[in-house]
Amino acid sequence: GENVEQHPSTLSVQEGDSAVIKCTYSDSASNYFPWYKQELGKRPQLIIDIRSNVGEKKDQRIAVTLNKTAKHFSLHITETQPEDSAVYFCAASVTSGTYKYIFGTGTRLKVLA
Amino acid sequence: DVKVTQSSRYLVKRTGEKVFLECVQDMDHENMFWYRQDPGLGLRLIYFSYDVKMKEKGDIPEGYSVSREKKERFSLILESASTNQTSMYLCASSSGPAFLYEQYFGPGTRLTVT
């Protein structure tokens with residue numbers, strides 16, 4: 001079945017450094033890849049997404065890259081700040097005629113001041 | 001602004017009880033979802049619905065059922081709660097297919113089964 005692998009499971013960086021989270025998907029027909037951020041005790045919220053016809057998308061300090069050939073996509077956060085500390089989930093759309101995503105297992109990012 | 005609400009933030013139930021988790025969205029969204037969130041396992045889809053009275057199994061439907069009698073409301077039912085169903089349950093909604101639209105999440109219900 002469809003699967004999304006996410007690495008690393010935990011990531012600690014110094015404030016101001018960059019953070020990279022990587023995901024690999026199995027369904028070569030997946031065409032939408034959102035990233036959600038979940039702060040402690042709060043609901044997941046979409047922070048950025050990318051569609052399969054685009055290789056890279058940037059929004060201020062965050063960017064997502066997509067490599068369709070290798071079936072992987074990555075989240076890049078530059079100049080990390082303490083408020084970036086959260087759990088990040090990647091997801092990939094399923095193309096078997098349904099309306100769902102498959103989520104990765106999450107990455108807990110800690111930004112150390 | 002999309003609002004997804006869940007009936008309880010915290011719930012404690014006994015083994016064997018029937019449990020109802022309610023989710024309501026106020027944006028006339030077609031699609032609604034129930035996920036279970038466990039440490040190290042991420043968000044796993046239990047059931048989803050793309051229309052009133054329509055439902056489809058997700059990846060882990062065993063032990064759960066759902067009901068969607070009205071467009072704005074999607075209920076998750078644990079017919080006979082077990083301790084391995086202790087978890088955080090998240091409801092979500094979207095206005096269209098997953099390959100086009102983001103999902104909006106509720107605040108979650110932390111269920112403990114003793």
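Numbers restart at 1 for each chain; the letters A, B, ... are given by sequence-line order, proteins then strands.
Heavy atoms of B/L45 lying under 4.5 Å from chain A belong exclusively to its side chain. The part of B/R9 that comes within reach of chain A is its side chain, from C-beta onward, which places non-hydrogen atoms under 4.5 angstrom from that chain. For chain B, no part of A/Q45 is nearby; none of its heavy atoms comes within less than 4.5 Å. There is no contact between B/E30 and chain A, counting heavy-atom distances below 4.5 Å. Residue contact with chain B, scored on non-hydrogen atoms closer than 4.5 Å, is absent for A/P34.
A salt bridge links A/K57 with A/D49: the distance from a Lys NZ or Arg NE/NH1/NH2 to an Asp or Glu carboxylate oxygen falls below 4.0 Å.
Ring pair A/Y25/A/F33 is tilted by interplanar angle, where 30° to 60° counts as tilted. Taking the six-membered ring for Trp and thresholds of 30 and 60 degrees, A/Y101 and A/Y36 have ring planes inclined between 30 and 60 degrees apart.
With B/N31 contributing its side chain and B/G96 its backbone, the two residues share a donor-acceptor pair below 3.5 Å.
With hydrophobic clusters built from ILVMFWY side chains whose heavy atoms lie under 4.5 angstrom apart, B/F48 shares a cluster with A/Y32.
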